[in-house]
Amino acid sequence: MTSPLADSFAKALDRTPPRPGRPVKSASVEYKYREPHDAWGRSGYSMVSNDFLADVLAVLIARYGMSPVQSAVLLFCMGRQVEGRLKITHIKVARHLGVERANVTRALGSLEDWHMVQRLPNSWIVVNPLICFKGNGDLQREALDQLRQDVRAALRKHYPEMREDVLALEEAANESFPEFARPPVPEPRTRQLAFGDNDDAEEQAC
């Protein structure tokens, strides 16, 4: 099975060169394939938002906005999702991470409140495709469109008054998963001591 690009090249080569001008003696096409990514493990790699990693995740972890368990559960889900989804029970995640199942459940609840993941029936978990996705851009667009349609359908079902108010429905859907806004970042719990701030403690320690 050939690609559309290859077909277009083949058709171009089959055409008779134009009469005016210098005649064409020969023509050829060389195909060069991209080198595959060299990634550890057998699961390949996912596209991850650099801004999410640098401006959201790193800051939340550094300022204690995310607990170690919340961070671990999110990273596990990001690493295991395919086209934004993974099917796994809380107990299996807990065993993999070596933590209590209740901690995993609480962590998923917090991540869901932050619109980073979404829990579905039958042990399905959806990782927000806006922050991490394993698959090409077309598949990501399909996943996003489907998630937004699901949000609209749920709003119509639970809030009948929105069925006729298209504007309110769209506004509510845009505020729901998978739309992502950075969760509030708490202030640091500790501050770096300036010179002279803790002289007494240093003298006592000596």
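The first residue in the sequence is number 1, and the count goes up from there.
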With clusters defined by side-chain heavy atoms of hydrophobic residues (ILVMFWY) lying less than 4.5 Å apart, directly or transitively, does [Y] cluster with [X]?
X: Tyr45; Y: Met78; value: no
X: Val73; Y: Val99; value: yes
X: Phe133; Y: Leu144; value: no

Report task. For Asn50 and Asp55, run side-chain contact (heavy atoms from CB on, under 4.5 Å): C-alpha distance rounded to whole Å, both residues' side-chain angles, the deciding distance at 0.1 Å, then the answer. Result -> CA-CA 8 Å; Asn50 288 341; Asp55 298 338; over 6 Å; no

Requested in this report: First locate atom OG of Ser67, then atom CG of Asn103, and finally report the distance between them rounded to the nearest 0.5 Å.
Outcome: 8.0 Å

Report task. Indicate yes or no: at least one non-hydrogen side-chain atom of Val69 is less than 4.5 angstrom from one of Leu97. Result ->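 Val69 does not reach Leu97 side chain to side chain.
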
Query raised in the report: Checking side-chain contact (heavy atoms from CB on, under 4.5 Å) for the pair Ile125/Gln118: CA distance, chi angles, key distance, verdict?
Result: CA-CA 6 Å; Ile125 298 174; Gln118 185 181 54; over 6 Å; no

Requested in this report: Could you walk me through whether Cys132 and Met47 pass the side-chain contact (heavy atoms from CB on, under 4.5 Å) test, one step at a time?
Outcome: CA-CA 6 Å; Cys132 178; Met47 296 297 294; over 6 Å; no

Query raised in the report: Taking atom CD of Glu100 as the centre, does the number of heavy atoms from other residues, nucleotides or ligands within less than 6.0 Å exceed 12?
Result: no

Query raised in the report: For Arg101, does the CZ atom sit with more than 12 other heavy atoms under 6.0 Å from it, leaving out its own atoms?
Result: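 At most 12 heavy atoms, drawn from other residues, nucleotides or ligands, come within 6.0 Å of this atom.
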
Query raised in the report: Would you call the rings of Phe76 and His96 parallel, tilted or perpendicular if under 30° counts as parallel and over 60° as perpendicular?
Result: tilted

Query raised in the report: Does Arg182 have any side chain to side chain donor-acceptor pair (under 3.5 Å) partners at least two apart in sequence or in another chain, and if so, which?
Result: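 With sequence neighbours excluded, Arg182 shows a side chain to side chain donor-acceptor pair (under 3.5 Å) to no residue whatsoever.
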
Requested in this report: Run the salt-bridge test on Glu83 and Lys134 with the 4.0 Å N-O cut-off and return the result as yes or no.
Outcome: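 Judged by the 4.0 Å cut-off on N to carboxylate O distance, Glu83 and Lys134 do not form a salt bridge.
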
Report task. For the pair Asn122 (side chain) and Trp124 (backbone), establish whether a donor and an acceptor sit closer than 3.5 Å, ignoring hydrogens and angles. Result ->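 Judged by distance alone, no pair lies under 3.5 Å.
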
